[in-house]
Amino acid sequence: MMVSASLPVARTNQWWLSASAAGIALGVLTNLAQGWLPGTFNQIANSGAVWCVPAFAAGALVAEKAAVRSSALAGLCTTIGLVVGYYGYAELGRSGMGSLAWPLVWLAMAVVSGPLFGVAGAWWRQGRTPSRRVVGLAALAGVFGMEALLAALVLHYEGQAWGCVVLLVLVPLAMARRHKERALTLLTALVFSPVAYAVIELPLQHVSM
């Protein structure tokens with residue numbers, strides 16, 4: 001009885017370990033991709049929106065096998081892994097990460113965004129009501145809207161801005177279940193985008209390290 005009772009816990013722990021390992025690997029990859037992608041598109045590799053995708057995916061995958069709180073933890077492990085992988089490779093594989101200030105800022109953001117997008121992924125995958133599915137998916141689409149605003153208004157990267165706009169539209173169209181949910185998700189994402197920009201990006205622009 002004791003052995004059989006421990007099996008579900010072990011399987012859940014494997015999800016958390018897998019999420020952490022995947023996050024570290026993707027963190028290294030995004031660091032490397034900055035040197036591979038041409039021109040201004042190299043900023044996409046380590047953008048906040050791109051880093052939210054693995055947490056969303058981890059939450060969606062875990063949602064089939066565990067409670068929503070486990071999806072939140074999987075998202076957290078993924079985003080922390082991203083920070084560790086990215087800055088770990090910068091320190092060991094490049095010329096060093098420099099000041100610890102930015103890694104700590106991104107680590108703090110990972111602690112917040114990881115669980116949120118893990119839950120968003122769970123709501124999209126297993127949400128019992130249309131409203132949860134809409135909000136979960138709109139969070140993912142809206143973060144690309146936030147990146148589009150940053151690229152257009154601050155960085156002046158036109159190509160990157162349009163690329164994020166395309167993703168803002170494609171995420172609801174490709175991932176929502178019904179036509180009504182697609183429309184509601186897109187509308188909700190359009191609301192989320194400027195709100196996320198005001199709450200997240202504007203304060204970061206005033207942070208001087």
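Put simply, CE on Met175 and CZ on Arg133 are 13.0 Å apart, with the number rounded to the nearest 0.5 Å. Going from atom SG of Cys52 over to atom CE of Met109 covers 8.0 Å, rounded to the nearest 0.5 Å. Note: Leu73 CG to Arg69 CZ = 10.5 Å, rounded to the nearest 0.5 Å. Here the straight-line distance linking atom CG of Asn31 with atom CD of Glu91 works out to 11.5 Å at 0.5 Å rounding. Taken from CG in Leu76 to OG in Ser70, the straight-line distance is 12.0 Å, to the nearest 0.5 Å. For the atom pair Leu107 CG and Leu82 CG, the distance stands at 11.5 Å (nearest 0.5 Å).
Nearest heavy atom pair, residue Ser20 against residue Cys77, reads OG-CB, 3.2 Å. Contact between Trp51 and Thr79 at its shortest, heavy atoms only, is O-CG2, 4.2 Å. Taking each heavy atom of Phe144 and Cys164 in turn, the nearest pair found is O-CB, 3.3 Å. Nearest heavy atom pair, residue Phe117 against residue Ala139, reads CE2-O, 3.5 Å. The two residues Ala189 and Ala141 have their closest heavy-atom pair at CB-CB, 3.7 Å. Summarising the geometry of Pro172 relative to Leu137, their closest heavy-atom pair is CA-CD2, 4.1 Å, with the distance given to 0.1 Å.
A donor-acceptor pair is defined here as one N or O able to donate and one able to accept, closer than 3.5 Å; such a pair exists between the side chain of Ser193 and the backbone of Gly142. In this structure a side-chain-to-backbone donor-acceptor pair under 3.5 Å is missing from Glu201 to Glu147. A donor-acceptor pair is defined here as one N or O able to donate and one able to accept, closer than 3.5 Å; no such pair exists between the side chain of Thr78 and the backbone of Ala55.
Residues Val154 and Gln205 form a side-chain contact, since some pair of their non-hydrogen atoms from C-beta on lies under 4.5 Å apart. In this structure the side chain of Tyr197 reaches within 4.5 angstrom of the side chain of Leu202, judged on heavy atoms. When side chains are defined from C-beta on, Tyr87 counts as touching Trp102, because their heavy atoms get closer than 4.5 Å. Val135 places a side-chain heavy atom less than 4.5 Å from the side chain of Trp123. You'll find the side chain of Val134 stays beyond 4.5 Å of the side chain of Leu187, heavy atoms only.
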| message | Please evaluate residues Ile200 and Val143 with respect to the criterion side chain to side chain contact (heavy atoms under 4.5 Å, CB included), reporting the C-alpha separation (whole Å), side-chain torsions for both, the decisive distance (0.1 Å), and the verdict. | response | CA-CA 10 Å; Ile200 299 171; Val143 79; over 6 Å; no
| task | Could you go through the side chain to side chain contact (heavy atoms under 4.5 Å, CB included) check for Leu204 and Val105 one step at a time? | result | CA-CA 9 Å; Leu204 281 177; Val105 168; 4.0 Å; yes
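Cluster partners of Val165, using a side-chain heavy-atom cutoff of under 4.5 Å among ILVMFWY residues and allowing indirect links, are Trp162.
Residue-environment remark: CZ (Arg177) exceeds the threshold of 12 foreign heavy atoms within 6.0 Å.
Residues Leu100 and Val111 fall within the same hydrophobic cluster, defined by Ile, Leu, Val, Met, Phe, Trp and Tyr side chains chained together at heavy-atom separations under 4.5 Å.
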